[in-house]
Amino acid sequence: MRDLAVKLEKTPVEVNDAPGFVSNRVLMPLLNEAMYAVMEAWPRRRRWMMCSSWDGASMGPLTLADFIGLDVCLDIMRVMQDGLGDPKYRPCPLLIKMVDAGWLGRKSGRGFYSYS
């Protein structure tokens, strides 16, 4: 795998075997925290949070979560919470409520945004 990464002009980083991919261990807590911010925010803050992006990226954290699928985000958070036993991976209650309601993001037509 290392040789393939070098051939593709990427910089490989060796990591130990652990629950969750490295990218998921970094990205999912970020998305989860954005969800907590929305859940705990007052209305004007909520509007800002839903439309913000970072570093000129084409989508912010909540748009990205909708794109991935809120059910997938929830599953990943639960796997990491169970596998690592760290409370920082506890899924946001808002995420659980949205998934239970069938709001799965783009694929269901509704998530943090409405897709019609």
Side-chain angles (χ1 to χ4, degrees):
M1 187 54 69
R2 182 192 176 288
D3 292 342
L4 175 61
V6 170
K7 184 176 180 179
L8 295 172
E9 299 180 2
K10 303 294 179 185
T11 304
V13 176
E14 188 173 335
V15 296
N16 292 329
D17 188 24
F21 298 109
V22 172
S23 58
N24 283 345
R25 288 186 67 178
V26 174
L27 178 63
M28 288 301 151
L30 180 140
L31 300 182
N32 201 47
E33 190 61 28
M35 294 171 199
Y36 270 105
V38 168
M39 183 182 79
E40 297 167 355
W42 46 281
R44 285 197 306 169
R45 173 84 172 136
R46 181 174 296 166
R47 230 183 345 257
W48 174 84
M49 208 35 221
M50 291 184 70
C51 66
S52 67
S53 62
W54 60 85
D55 295 336
S58 61
M59 63 179 78
L62 301 176
T63 305
L64 180 56
D66 275 355
F67 182 77
I68 292 168
L70 300 183
D71 55 332
V72 174
C73 292
L74 180 57
D75 287 345
I76 292 169
M77 291 301 295
R78 285 179 168 158
V79 164
M80 290 192 302
Q81 183 184 28
D82 292 344
L84 297 168
D86 192 326
K88 73 180 173 185
Y89 297 111
R90 182 177 69 92
C92 177
L94 177 60
L95 173 61
I96 296 168
K97 286 180 183 179
M98 292 175 75
V99 170
D100 287 348
W103 296 6
L104 309 179
R106 292 185 67 87
K107 63 184 162 188
S108 71
R110 183 147 188 192
F112 286 97
Y113 294 94
S114 179
Y115 304 91
S116 44

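Rounding to the nearest 0.5 Å places NZ of K10 at 15.5 Å from CZ of R2. Here the CD-NZ distance, from E33 to K88, works out to 12.0 Å after rounding to the nearest 0.5 Å. Put simply, CD on E40 and SG on C92 are 7.5 Å apart, with the number rounded to the nearest 0.5 Å.
Residue pairs meeting the salt bridge (charged side-chain N to carboxylate O under 4.0 Å, His left out) criterion with at least one partner in residues 58-70, sequence neighbours excluded, are absent.
S108 and G102 get closest at one heavy-atom pair: OG-O, 3.3 Å.
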Acceptor/donor pairs from residues 67-83 side chains to any protein atom, 3.5 angstrom cut, sequence neighbours excluded:
| residue | atom | partner | partner atom | Å |
| --- | --- | --- | --- | --- |
| D71 | OD1 | K107 | NZ | 2.9 |
| D71 | OD2 | K107 | NZ | 3.1 |

Apply side-chain contact (heavy atoms from CB on, under 4.5 Å) to the pair L4 and M1, showing each step before the final yes or no. CA-CA 5 Å; L4 175 61; M1 187 54 69; 4.3 Å; yes
Assess whether side-chain contact (heavy atoms from CB on, under 4.5 Å) is satisfied between N24 and Y89, documenting all intermediate values. CA-CA 11 Å; N24 283 345; Y89 297 111; over 6 Å; no
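Cluster note: V26 groups with no other residue, as no ILVMFWY side-chain heavy atom lies under 4.5 Å from it.
Under the side chain to side chain contact (heavy atoms under 4.5 Å, CB included) criterion, K7 pairs with no residue, sequence neighbours left out. The side chain to side chain contact (heavy atoms under 4.5 Å, CB included) test applied to A101 returns W103, not counting sequence neighbours. For N32, there are no side-chain hydrogen bond (donor to acceptor under 3.5 Å, both in side chains) partners two or more places apart in sequence or in a different chain.
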